[in-house]
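Let me begin by presenting the structure, written as structure tokens, before commenting on it.
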Amino acid sequence: MKTRIYQMIGEAVARAHAAGDLPSAQMGDMVVEIPKTEAHGDLATNVAMVSAKVQRMAPRRIAETILAHLQDPGRLVARTEIAGPGFINFFIRPEAWTALLKDICMAGESFGRSRDGKGQRVQVEFVSANPTGPLHVGHGRGAAVGDAMANVLSAAGYKVQREYYINDSGRQIRTLGRSVFLRYLALCGRTVEFPEDCYQGAYIGELAAEMHAAHGTGLLAMDEEAAVALCARHAADVILAGIRRDLEDFGVRFDRWFSEQSLYDAGRVEAAIEDLARRAIVYDKDGARWCRTSDFGDEKDRVVVRNNGLTTYFASDIAYHQDKFERGFERVIDVWGADHHGYIPRMTAAVEASGRRRDQFQVILVHLVNLLRGGQPVAMSTRAGEFVTLAEVVAEVGRDAARFLFLTRHHESPLDFDLELAKQKTNDNPVYYVQYVHARISSILRKAADEYGIRSVQADALDGGGELREPEEIQLIKLINGFPEVVANAAATLEPHRVTFFLMDLAAAFHAYYNRHRVLTEDGAVARARLCLVRTVQQIIANGLGLLGVAAPEQM
RNA sequence: GCGCCUGUAGCUCAGUCGGAUAGAGCAACGGCCUUCUAAGCCGUGGGUCGCAGGUUCGAAUCCUGCCAGGCGUACCA
């Protein structure tokens with residue numbers, strides 16, 4: 001509707017200019033938008049104000065001129081008005097909304113999708129938790145945000161790949177191996193001191209027990225480094241398998257699991273450093289090798305090879321991001337925990353130093369999750385091994401509630417996640433509020449079939465044009481009409497929570513309608529038209545929940 | 001110290017490219033089930049958009065400074 005009004009205005013300006021009534025055919029940065037208050041019409045434009053300078057005319061006079069040349073071949077507009085400093089307000093005929101509903105109804109599952117992305121290849125890398133322990137709630141938020149973002153981008157016409165980067169190399173893996181090995185030694189009857197910098201969780205003991213069951217005391221005879229490496233490999237494999245399972249239970253699937261170690265094995269890290277060294281972006285100082293990230297906007301240069309000869313995490317990240325772009329992605333999006341935000345300038349610098357544009361790389365920071373139970377904070381500390389895992393949360397509140405609630409905030413806003421609230425089945429809990437719409441409509445459709453013999457909902461039930469006249473019905477059509485724009489904006493801004501808020505708005509409008517008007521009325525024509533409306537609402541709810549990775553239940 | 005994020009109703013938060021009288025939910029209070037699922041709806045209160053300037057027809061939104069909170073600031077990952 002918005003684009004059609006936009007076109008009408010554009011044509012009117014062109015005609016006015018051709019007729020000599022306007023000095024210019026330019027319209028400036030004009031917008032057509034939905035006014036906040038209904039008194040200002042269904043749609044409004046500021047064209048007269050933004051073009052006042054270029055037209056050298058008063059805004060209200062420009063508005064009058066444009067309206068004089070406005071043509072409405074589609075018979076969309078009931079009336080127009082000029083208001084305030086020069087807004088043009090459009091009041092749409094109810095029949096025009098109904099006609100629009102028919103198109104939406106027929107679009108079905110595809111309504112909301114667009115081709116904005118033009119098939120551009122985008123990679124979204126998310127979660128990427130180190131395989132040194134189970135996923136906790138914070139990872140869950142990252143998983144929900146990353147997955148929904150990938151869905152939204154797909155809907156907007158991008159070709160999206162989901163990737164998980166496995167940090168299976170370097171010190172933290174060795175620490176993991178050592179932690180398991182020490183617990184193993186204890187199982188073999190040795191007295192060992194367990195250092196603070198080792199992983200403390202109970203799962204370490206379980207992994208050690210597995211090693212003990214498989215090898216007996218056999219590891220005692222081995223070289224200690226080899227034994228630690230063996231423990232590390234076993235531990236990382238088991239933990240990673242657990243992470244995969246937890247994510248699967250959470251409804252998140254990755255297209256690719258990318259191993260950091262594979263970069264080293266293929267010599268990619270070394271090659272990346274050498275390449276940058278040849279271009280004098282990497283240089284030697286104080287026995288270490290440094291990357292000139294400060295030439296690309298970072299506050300200082302960063303070490304890639306330490307003076308002990310070991311590469312830094314940053315070095316493999318450079319190689320990794322080069323690899324991403326070499327695989328043909330035009331845009332690379334990383335979803336990180338907010339505590340890594342200081343890392344963004346150097347990573348962006350590295351991408352630019354590697355010959356890509358800095359706008360091809362974007363980082364989404366996902367802020368902290370404060371886990372609460374009945375308003376009281378639940379203590380979490382990875383080091384002490386006392387954390388609430390994602391698997392525990394999913395087991396307690398369910399996948400749908402967890403995913404939905406993770407997406408009820410802007411990702412850069414801290415999130416209070418209350419386990420009790422998530423389980424509540426009242427309107428305090430937005431998950432049920434939205435899902436309930438879908439279930440209620442399913443119930444109406446069942447009833448229509450069982451008791452009224454209406455087995456299928458036909459879009460041509462709307463052809464009469466006059467059946468849907470209630471304000472709540474027009475309101476619902478206006479809302480669902482805005483869905484594609486919501487999805488497009490969510491993709492453009494990388495803010496999937498916009499879909500969540502849209503769904504809550506639509507749910508509220510539906511529940512209000514449901515309480516005021518009966519769908520299955522005596523008047524068959526009205527009932528069929530209303531069935532078409534609610535069936536379409538149900539479809540949009542399903543489409544939106546699908547983007548969030550939340551189920552749309554037939555009954556509750 | 002420097003950098004990033006946040007600051008909107010009692011609480012939790014929306015607010016897109018700068019638009020007209022700043023919106024929801026919760027909490028509080030008062031109503032609505034003989035009728036398609038009450039996991040729902042309707043109504044009533046409630047605001048110096050952190051503060052101070054600036055930009056302009058117009059600022060919660062953009063710019064500058066300040067205040068408060070969070071996070072970061074390694075040859076750690």
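In what follows, every chain begins at residue 1, and chains take the letters A, B, ... in the order their sequences are listed.
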Between [N] atom [atom2] and [X] atom [atom1], what is the distance in whole Å?
X: Leu520(A); N: C36(B); atom1: CG; atom2: C1'; value: 5 Å
X: Asp418(A); N: A27(B); atom1: CG; atom2: P; value: 13 Å
X: Asn429(A); N: G25(B); atom1: CG; atom2: P; value: 15 Å
X: Tyr432(A); N: C41(B); atom1: OH; atom2: C1'; value: 21 Å
X: Asp298(A); N: G3(B); atom1: CG; atom2: P; value: 14 Å
X: Asn370(A); N: G69(B); atom1: CG; atom2: P; value: 17 Å
X: Tyr514(A); N: C32(B); atom1: OH; atom2: C1'; value: 14 Å

Suppose you measure atom [atom1] in [N] against the same atom in [M]; what distance do you get, rounded to whole Å?
N: C51(B); M: A39(B); atom1: C1'; result: 44 Å
N: G25(B); M: U34(B); atom1: C1'; result: 32 Å
N: G1(B); M: C11(B); atom1: C1'; result: 35 Å
N: G70(B); M: C42(B); atom1: C1'; result: 40 Å
N: C49(B); M: U61(B); atom1: P; result: 10 Å
N: G46(B); M: C5(B); atom1: P; result: 36 Å
N: G45(B); M: G3(B); atom1: C1'; result: 44 Å
N: G19(B); M: A38(B); atom1: P; result: 39 Å

Q: Please work out whether C57(B) sits syn or anti, treating a glycosidic angle within 90° of 0 as syn.
A: anti
Q.
Give me syn or anti for C17(B), where syn covers glycosidic angles within 90 degrees of 0.
A. syn
Q: Determine the contact category for Val50(A): base if any of its heavy atoms lies under 4.0 Å from a base atom, sugar-phosphate if only primed atoms, P, OP1 or OP2 are that close, otherwise nothing.
A: base
Q: Pick base, sugar-phosphate or nothing for Ala52(A), based on heavy-atom distances below 4.0 Å to the nucleic acid.
A: nothing
(Q) For A20(B), is there a stacking contact with Phe87(A), counting only centres under 5.5 Å and planes under 30°? (A) yes
Q.
Using the side-chain heavy atoms of Glu412(A), tell me which of these nucleotides is nearest: C5(B), U35(B), C17(B).
A. C5(B)
Q: Tell me whether the OP1 or OP2 atom of C41(B) has a side-chain N or O from Tyr433(A) closer than 4.0 Å.
A: yes
Q) For A38(B), does either OP1 or OP2 sit under 4.0 Å from a side-chain N or O belonging to Arg440(A)? A) yes
Q: Scan for salt bridge (Lys or Arg N to Asp or Glu O under 4.0 Å) pairs involving residues 508-526 of chain A, sequence neighbours excluded, and state none if there are none.
A: Glu472(A)-Arg516(A)
Q. His438(A): what forms a ring pair (Phe, Tyr, Trp, His ring centres under 6.0 Å) with it, not counting sequence neighbours?
A. none
Q: Could you grab the distance from atom CD1 of Ile364(A) to atom CD of Glu412(A), nearest 0.5 Å is fine?
A: 7.5 Å
Q. Got a second to check how far Arg403(A)'s CZ is from Arg141(A)'s CZ, nearest 0.5 Å?
A. 14.0 Å
Q.
Could you work out, with side-chain contact (heavy atoms from CB on, under 4.5 Å) as the rule, every residue matching Pro35(A), not counting sequence neighbours?
A. His40(A), Ala44(A)
**Q.** Footprint string (nucleotides 72-77 of chain B, 5' to 3'): B base within contact, S backbone only, - free, heavy atoms under 4.0 Å
**A.** S-SBSB
Q) Can you give one letter per nucleotide of nucleotides 11-16 of chain B, going 5' to 3': B for a protein heavy atom under 4.0 Å from the base, S for sugar-phosphate only, - for none? A) -SSSSB
Q | Watson-Crick and G-U pairing of RNA chain B written in dot-bracket, each distance under 3.5 angstrom, with | for inter-strand partners | A | (((((((..((((.....[...)))).(((((.......))))).....(((((..]....))))))))))))....
(Q) Using the rule given for ring-ring contact (aromatic ring centres under 6.0 Å, His included), can you reason through Phe502(A) versus Phe483(A), listing the C-alpha separation, both sets of side-chain angles and the distance that settles it, and then say yes or no? (A) CA-CA 8 Å; Phe502(A) 170 83; Phe483(A) 181 61; 5.1 Å; yes
Q: Indicate whether any N or O donor in one side chain lies under 3.5 Å from an N or O acceptor in the other, for Asp400(A) and Gln435(A).
A: yes
Q) Any sub-3.5 Å donor-acceptor pair from His321(A)'s side-chain atoms to Asp317(A)'s backbone N or O? A) yes
